[in-house]
Amino acid sequence: MTKMIANAWCVLATAAALSAAPIEFDFKDPKGVNNVVFRTDAPLESINGTGSGISGKVTFDPEKPAALKGSIKLDVASLHVPNPMMKEHMHGPDWMNAKQHPDIVFEIVRLENVKTQGNTTTADAIGKMTIKGQSREMNIPVKVTYLKDRLKDRQGKEGDLLVVRSNFEIKRSDFGINKGKNEDKVADTIELSLSIAGSAPRS
Amino acid sequence: MRRILRVLALTMLFASLLSWAILGANTGWTKTSVTRMKLDPITEIEFPVVEERFVPGIDFVVAAMAAAALIYGLSFVFGRKPETIESSK
């Protein structure tokens, strides 16, 4: 009888452990849906652009959303503005220097102020933001939505989706992006809006 | 030659203003693409779709005006033809 109870507990514990395992989500998106939109003030008109070269991996446990960790990368060469000369300058050595610093990376260390309602979690993501080779700790508000079994609708495979959204600001002077120069032409503050979805296929 | 240059300058000015007005009367910088946002129905993420399209801006108009002014100014280099007086025989 005791052995039966012990065995039952083992089975239950294993089942619980398996169901609570963190899931790794891959944010590489060949469809180009994952994107960041940026905006900064300028005298003639505000500069509005997009970036779609998103990649990275995040582990997320639906049972423990606060344990989310991972990193998201943005390919600097994918940054786009509609004026071709402005785009060339943006990628050039004075501004983003895409050749020497091809990626913008945000490494999530931990989440704070975590609130979960249903399949949606809001929190402050504390992590290290690296732009143009310079790193700073940042606190970025995020909204994470776990879409269980929805990968089938997107890619025809069994698996889950994780949607991450965030709106935050950076100062280009904090990351050496033409620091202290042309502030009459391009504002120091850049507003960013991130909308990305990661997939976790179940093989 | 003077007249030709002046007509060219005025044509350039009006053509640039007309094309600017027709192609959207954009009061910002000239653009070679337009970004539309679409909605992904599964994730409900709004994502950008870039379309290649020429949209002249204020810089285009100013450049055309400057070119027209230059050509018009050049027309003054070519003086009037001296009047030929036909002598009666």
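In what follows, chains are A, B, ... by sequence order, proteins preceding strands, each numbered from 1. The basis for the numbers below is simple: all heavy atoms, side chains too, and nothing from hydrogens, waters or symmetry mates.
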Counting only heavy atoms closer than 4.5 Å, note whether [X] contacts chain B via side chain, backbone, both or neither.
| X | value |
| --- | --- |
| Met85(A) | neither |
| Val163(A) | side chain |
| Thr50(A) | side chain |

Which atoms form the tightest heavy-atom contact between [X] and [Y], and what is the distance?
| X | Y | result |
| --- | --- | --- |
| Leu44(A) | Thr27(B) | CD1-O, 3.6 Å |
| Ile196(A) | Ile45(B) | C-CD1, 3.5 Å |
| Ser33(B) | Pro82(A) | O-CB, 3.4 Å |

Got more than 12 heavy atoms from elsewhere within 6.0 Å of [atom1], [X]?
| X | atom1 | answer |
| --- | --- | --- |
| Arg136(A) | CZ | no |
| Phe54(B) | CZ | yes |
| Gln100(A) | CD | no |
| Gln117(A) | CD | no |
| Glu183(A) | CD | yes |

#### Entry: Proximal component of Val50(B), with respect to chain A [non-hydrogen, under 4.5 Å]
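Only the side chain of Val50(B) comes within 4.5 Å of chain A.
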
#### Entry: Interchain contact, Thr32(B) with chain A, by part (heavy-atom threshold 4.5 Å)
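Both the backbone and the side chain of Thr32(B) come within 4.5 Å of chain A.
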
### Message
Using a 3.5 Å distance criterion without hydrogens, assess whether the side chain of Asn83(A) forms a donor-acceptor pair with backbone atoms of Thr30(B).
### Response
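Yes; judged by distance alone, with no hydrogens or angles, the pair exists.
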
### Test: Lys31(B) and Glu45(A) ion pair at under 4.0 Å
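Here Lys31(B) pairs with Glu45(A) in a salt bridge, since their nearest N and O are under 4.0 Å apart.
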
### Task
Between chain A and each of Pro48(B), Pro41(B), Gly57(B), count heavy-atom pairs under 4.5 Å; write down the option with the most.
Pro48(B)

Atom [atom1] of [X] and atom [atom2] of [Y]: how far apart are they, to the nearest 0.5 Å?
| X | Y | atom1 | atom2 | answer |
| --- | --- | --- | --- | --- |
| Lys152(A) | Ile42(B) | NZ | CD1 | 12.0 Å |
| Met37(B) | Asn35(A) | CE | CG | 5.0 Å |
| Trp29(B) | Ile47(A) | CH2 | CD1 | 9.5 Å |

### Test side chain to side chain contact (heavy atoms under 4.5 Å, CB included) applied to Glu46(B) and Val37(A), step by step
CA-CA 10 Å; Glu46(B) 262 205 328; Val37(A) 174; over 6 Å; no

### Task
Start with the C-alpha gap between Leu161(A) and Thr43(B), add the side-chain angles, then the distance that decides, and say whether side chain to side chain contact (heavy atoms under 4.5 Å, CB included) holds.
CA-CA 8 Å; Leu161(A) 291 170; Thr43(B) 59; 4.1 Å; yes

### Query
Yes or no on side chain to side chain contact (heavy atoms under 4.5 Å, CB included) for Asp40(B) and Lys31(A), after CA distance, side-chain angles and deciding distance?
CA-CA 10 Å; Asp40(B) 176 61; Lys31(A) 287 190 170 198; 5.8 Å; no

